Peer 1: 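The structure follows.
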Protein chains: 2
Amino acid sequence: MTTISLLDLQALPLTGEAKSKIQKSLNKLSFNKDQTIFHQGEVCTSLYFIRSGLVKLSYITTEGKELIKSFIAEGGMFGSLYSQLTGEGSTFNATALEDLAVDVLDYTALIQAGENSLEMQKIFVNFFQQLALSKEMREYEFLCLSAQQRYKKFCEQYPQIVSRIRQADLALYLGITPIALSRLKHRSSGE
Amino acid sequence: MTTISLLDLQALPLTGEAKSKIQKSLNKLSFNKDQTIFHQGEVCTSLYFIRSGLVKLSYITTEGKELIKSFIAEGGMFGSLYSQLTGEGSTFNATALEDLAVDVLDYTALIQAGENSLEMQKIFVNFFQQLALSKEMREYEFLCLSAQQRYKKFCEQYPQIVSRIRQADLALYLGITPIALSRLKHRSSGE
DNA sequence: GTCATGAATTAACCTCGGTTAATTATTTTA
DNA sequence: TAAAATAATTAACCGAGGTTAATTCATGAC
């Protein structure tokens with residue numbers, strides 16, 4: 001019972017008509033390293049499927065501090081669920097950490113394409129289930145793990161990401177300052 | 001374009017056949033205050049729809065500390081998404097904070113009931129979207145807000161919950177100790 | 001009313017992480 | 001290769017939150 005992933009656009013079970021609609025609304029874009037894909041506060045109902053490169057999603061607080069929500073690499077996708085569902089501005093920024101190539105699709109176009117397809121709806125269900133589950137994991141980590149433990153876990157779980165990002169960004173993902181991360185790295189091994 | 005909520009079991013668009021199946025598998029249970037509904041580590045694929053009472057979902061760490069994931073009151077529902085999707089043990093406990101009356105439904109029964117219904121799938125999509133969105137909010141709060149700010153926000157957002165729970169449990173939800181919460185409450189107002 | 005139980009507060013002490021700022025790599029560019 | 005820019009480390013100081021334990025407050029039970 002493997003469900004087709006929403007991430008594999010080509011494999012989506014769409015009929016000729018719906019398929020061509022999607023094809024038409026699909027846009028290939030590219031961004032340079034450090035370029036912003038969309039800003040916090042800006043309405044953005046696009047879905048971005050990463051062909052190559054690395055993206056960070058981050059909040060900027062009122063005091064101007066940056067906190068990182070997530071890193072997404074090739075094969076992954078991102079978009080502002082909040083903006084898509086409410087029509088209001090995104091709660092976070094999306095920034096390219098490496099030169100980036102993406103397939104861009106409008107959220108409503110995709111939803112409409114799946115409007116009458118049971119199979120597509122199941123793919124949506126599956127996608128959002130997984131999303132909810134991954135958010136639960138992160139909630140668990142914030143509640144139950146120390147910064148030290150979160151660091152260790154992230155390194156073990158995403159070594160390929162760790163090697164591609166600045167230590168400073170990793171710190172902002174863990175919810176601590178770059179200085180604190182530097183310190184705890186060199187701390188006596190530690191639980 | 002209001003979608004029927006998964007929470008309103010009676011209103012679900014189910015045909016006579018699927019409906020009766022659901023009716024049959026539906027179980028009315030009740031628990032006493034302080035009773036455990038299911039334990040961390042225990043496989044539990046049930047969905048619990050709360051008719052009355054209040055529940056807390058909490059993690060117990062290896063050191064025996066409790067951290068609270070969420071509070072759910074009448075009209076809400078809960079279940080272990082992780083257990084349902086993977087078949088493994090739940091990552092958290094569910095405990096009644098007040099005498100509790102619930103409608104219990106098996107996850108797979110509900111999924112099967114919606115298997116061939118486009119409408120039901122849309123209800124699922126909607127439900128998991130909202131779930132993912134609410135988890136995102138919590139992630140934002142842990143990343144961007146201080147314990148003080150989280151406390152203030154929770155009081156404003158869920159005054160009816162605040163009045164029904166022990167301060168100690170609220171602290172464990174905020175990710176701090178009861179002592180720390182007591183302190184910050186009495187701190188110079190403070191941003 | 002008294003006693004007992006549990007909840008909340010307070011105090012003293014300690015650790016971790018934040019802050020500012022200086023220093024030392026490490027890249028990049030010229 | 002030197003100079004400039006960016007990243008990472010280190011130090012000194014501070015405050016928030018953890019820990020233990022004692023104290024005060026509430027609530028029931030008898």
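In this text, all values refer to a predicted model and were calculated from it rather than measured experimentally. Each chain gets a letter, A, B and so on, in the order the sequences are listed, and its residues count up from 1.
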Peer 1: Aromatic rings A:Phe92 and A:Phe38: how do their planes relate, parallel, tilted or perpendicular, breaks at 30° and 60°?
Peer 2: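 The arrangement is tilted - the two ring planes meet at 30° to 60°.
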
Peer 1: So B:Lys33 and B:Leu97, do their side chains get closer than 4.5 Å, heavy atoms only?
Peer 2: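 The answer is no, as the side chains (C-beta and beyond) never meet within the 4.5 Å cut-off.
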
Peer 1: Nearest to the side chain of A:His186, heavy atoms from C-beta on, is which of C:dA11, D:dT9, C:dG17?
Peer 2: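 Shortest atom-to-atom distance from the side chain points to D:dT9.
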
Peer 1: Toward the 5' end of DNA chain C, which comes first, B:Ala168 or A:Ala147, by nearest nucleotide?
Peer 2: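 So the residue in question is B:Ala168.
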
Peer 1: Please report the distance, rounded to the nearest Å, between CZ in A:Arg183 and P in C:dC16.
Peer 2: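 From A:Arg183 CZ to C:dC16 P: 10 Å.
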
Peer 1: State which of C:dT20, D:dG17, C:dA7 makes the closest approach to the side chain of B:Arg166.
Peer 2: C:dA7

Peer 1: Verify the contact: side-chain N or O of B:Lys65 to OP1 or OP2 of D:dG18, cut-off strictly under 4.0 Å; return yes or no.
Peer 2: no

Peer 1: Given atom CG of B:Leu181 and atom C1' of D:dG17, what is their separation to the nearest angstrom?
Peer 2: 12 Å

Peer 1: Establish, for the pair B:Lys56 and B:Phe71, whether the NZ or CZ atom is under 6.0 angstrom from the six-membered ring centre and no further than 45 degrees off its axis.
Peer 2: no

Peer 1: Between D:dA12 atom P and A:Ile179 atom CD1, what is the distance in whole Å?
Peer 2: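 Interatomic distance, CD1 of A:Ile179 to P of D:dA12: 15 Å.
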
Peer 1: What is the separation between atom CD1 on A:Ile176 and atom C1' on C:dT15, rounded to the nearest whole Å?
Peer 2: 15 Å

Peer 1: Can you measure B:Tyr151 atom OH to D:dA16 atom P for me and round it to whole angstrom units?
Peer 2: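 Interatomic distance, OH of B:Tyr151 to P of D:dA16: 17 Å.
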
Peer 1: Just to confirm, is there a sub-4.0 Å distance from OP1 or OP2 of D:dG18 to any side-chain nitrogen or oxygen of B:Thr177?
Peer 2: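 Yes, within the criterion.
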
Peer 1: Just how far, in rounded Å, is P of C:dG6 from CG of B:Asp34?
Peer 2: 11 Å

Peer 1: Would you indicate whether the side-chain heavy atoms of A:Glu141 and A:Leu174 approach each other to under 4.5 Å?
Peer 2: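 Sidechains of A:Glu141 and A:Leu174: no contact.
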
Peer 1: Distance check needed: D:dG17 P versus A:Leu143 CG, whole Å only.
Peer 2: 15 Å

Peer 1: Look at the side-chain N and O atoms of A:Gln148 and state whether any lies under 4.0 Å from the OP1 or OP2 oxygen of C:dG17.
Peer 2: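 Indeed not, no polar side-chain atom of A:Gln148 lies that close.
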
Peer 1: For the side chain of B:Leu184, counting heavy atoms from C-beta on, which of D:dA11, D:dG17, C:dT10 is nearest?
Peer 2: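 Output: D:dG17.
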
Peer 1: Check the angle between the aromatic planes of B:Phe142 and A:Phe142 and answer parallel, tilted or perpendicular using the 30° and 60° thresholds.
Peer 2: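 If you compare the ring of B:Phe142 with that of A:Phe142, the planes turn out parallel.
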
Peer 1: Among D:dG18, C:dT9, D:dA11, which is the nearest nucleotide to the side chain of B:Lys185?
Peer 2: C:dT9

Peer 1: Between D:dG18 atom C1' and B:Leu172 atom CG, what is the distance in whole Å?
Peer 2: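 Answer to the nearest Å: 13 Å.
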
Peer 1: Which nucleotide in the list D:dG18, D:dT9, C:dT10 gets nearest to the side chain of A:Gln167?
Peer 2: D:dT9

